[in-house]
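As structure tokens, the structure follows; a few thoughts come after it.
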Amino acid sequence: MVHPAVRETYEAIRKLKIQGAGRVAERAVAAIYTLLLSENLSKEELIKEITEAVKLLVKSRPTEPALREAMAYVLREMKNRQDLPGEIFRRSLIKVLEDYARKREEIVERIAKIGSGLIEDGYTVITHCHSSTLMKVFEKASQEKEFRVIVTETRPLYQGKMTAKELLQMGVDVTYIVDSAAHYFMKEVDLYLTGADVITADARIINKVGTALIALSAREFGVPYYVVASTFKFDPATIMGFKEPIEERDPSEVIDPSELPGAVVRNPAFDVTPPHLVTGIVSEKGIFTPYTFVSILSSEKYIDAELEKIISLAFGGG
Ligand code: RUB
């Protein structure tokens, strides 16, 4: 039996009611936090329920190392406290999950501070999809400068609308376009910015499908492309030789299949941008080229037993 809050969050992530790598990880942790608030469960029951919750949540979206890292964090902190008496165990774990949320917020704030420096007064920036990290960069920049953002609608689920609405609330000028108009408008653009779901060991960026095409167009026009992403987006599984899976979503998000009987409709959620198209990655540690970012992270990331468990669950081994 999975706790209703966990089931609900799992469904919301799958249906993209909760979207964006950072928020997916954050809300998965929040669901486990809600579970921990149930005072009527014994320590043994809590451990069992949390383990089940992690197993379910980690499979909610496949192309999400930040989610995997968050679930490994839950398992690790739970294991570290398993010898504590029941109520102290519960309270201590509650605190540690609150720390996770706080730490993530601090990281994003730091990225916003660093990244906002890339946007100059009078700039036109182009972006694709919706990244909570990038929105913080825009927010910070909008407090100091005036700029315009060209926002792609982001087919098939129109995450661009969310980006446009939030930018308008910040008082930023928005030009809203269909995805395929990105190249047409590139001559007006000073800077291309996106978030990322994954940064692989070979320095590739995985983000919303369409990101790579816009990066190609930006390169053609000499427009710099910066990826705004925390170090949680680096996938240590790819150092171990696992290939990052690209999520394929239901074709009905693209078109009602009955309108095209006989056609194969494909709906990949993400695409892969090679490092030579990326000017830099803006992380909480600073701005680096993709190769430097990966070389720093590869030497730092340690795959412990919990992360290994999660990787094996996510990649089909358990
Ligand atoms: C969202 C997307 C975002 C990244 C980064 O795709 O591609 O750019 O997840 O987001 P989807 P964040 O809508 O399919 O989840 O900066 O919030 O982690």
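Every number for a ligand or one of its atoms is a count from 1 in the order of the listing. Start at 1 with the first residue, then count along the sequence.
Below 3.5 Å of separation, one finds no N or O of Leu134 facing any N or O of ligand 1. The distance criterion of under 3.5 Å between nitrogen or oxygen atoms is not met by Phe270 with respect to ligand 1. Taking any N or O of Lys233, backbone or side chain, at least one lies under 3.5 Å from an N or O belonging to ligand 1.
With hydrogens and angles disregarded, a donor-acceptor distance shorter than 3.5 Å links the side chain of Thr238 to the backbone of Ala201.
Under the 30°/60° scheme for interplanar angles, the aromatic rings of Phe234 and Phe293 are found to stand perpendicular.
Residue contacts with ligand 1 for Lys208 involve both N, CA, C or O and side-chain atoms from C-beta outward (heavy atoms, distance under 4.0 Å). Contacts with ligand 1 closer than 4.0 Å are made by no heavy atom of Val228, backbone or side chain. Contacts with ligand 1 closer than 4.0 Å are made by backbone heavy atoms (N, CA, C, O) of His130 only, the side chain lying farther away. Heavy atoms of Ser132 found under 4.0 angstrom from ligand 1 belong to the backbone as well as the side chain.
Within ligand 1, the atoms closer than 4.0 Å to a non-hydrogen atom of Cys129 are 1 (C), 2 (C), 6 (O), 7 (O), 13 (O), numbered from 1 in the order shown. Close approach to Gln159 involves these atoms of ligand 1, each under 4.0 Å from a residue heavy atom: 11 (P), 13 (O), 14 (O). Close contacts between ligand 1 and Asp197 involve ligand atoms 2 (C), 3 (C), 4 (C), 7 (O), 9 (O) [criterion: under 4.0 Å to a heavy atom]. Set against the non-hydrogen atoms of Ala196, the atoms of ligand 1 under 4.0 Å away are 4 (C), 5 (C). Those atoms of ligand 1 with a heavy atom of Thr133 less than 4.0 angstrom away are 12 (P), 16 (O), 17 (O), 18 (O). The Gly22 neighbourhood of ligand 1 comprises atoms 12 (P), 17 (O), 18 (O), with distances under 4.0 Å to a heavy atom of that residue. Near Gln19, the atoms of ligand 1 lying under 4.0 angstrom from a non-hydrogen atom of the residue are 1 (C), 11 (P), 13 (O), 15 (O).
Not counting sequence neighbours, Asn80 has no partner by the side-chain hydrogen bond (donor to acceptor under 3.5 Å, both in side chains) test. Applying the side-chain hydrogen bond (donor to acceptor under 3.5 Å, both in side chains) test to Lys95 and every residue at least two apart in sequence or in another chain returns Asp99.
Relative to the six-membered ring of Phe270, Lys208 meets both conditions, a distance below 6.0 Å and an angle of at most 45° to the axis.
Not a single heavy atom of Glu247 lies less than 4.0 angstrom from ligand 1. At least one heavy atom of Asn207 sits closer than 4.0 Å to an atom of ligand 1.
Comparing Ala269, Ser230, Ser131 against atom 10 (O) of ligand 1, the shortest heavy-atom distance belongs to Ser131.
Ring pair Tyr73/Tyr100: centre-to-centre distance below 6.0 Å.
Remark: Lys285 engages Glu300 in a salt bridge, criterion side-chain N to carboxylate O under 4.0 Å.
Annotation for Ile177 and Ile126: closest pair CD1-CD1, 4.5 Å, computed over non-hydrogen atoms.
Nearest to atom 11 (P) of ligand 1 among the protein's heavy atoms is Arg61 NH1, 3.5 Å. At the top of the distance list for atom 9 (O) of ligand 1, counting protein heavy atoms only, stands Ala21 N, 2.8 Å.
The shortest distance between side-chain heavy atoms of Ile32 and Val54 falls below 4.5 Å. At a threshold of 4.5 Å between non-hydrogen side-chain atoms, the residues Arg90 and Leu46 count as touching. Taking the side chain as every heavy atom from C-beta outward, Thr194 and Val228 never approach each other to under 4.5 Å. At least one side-chain heavy atom of Ser283 sits under 4.5 Å from a side-chain heavy atom of Phe288.
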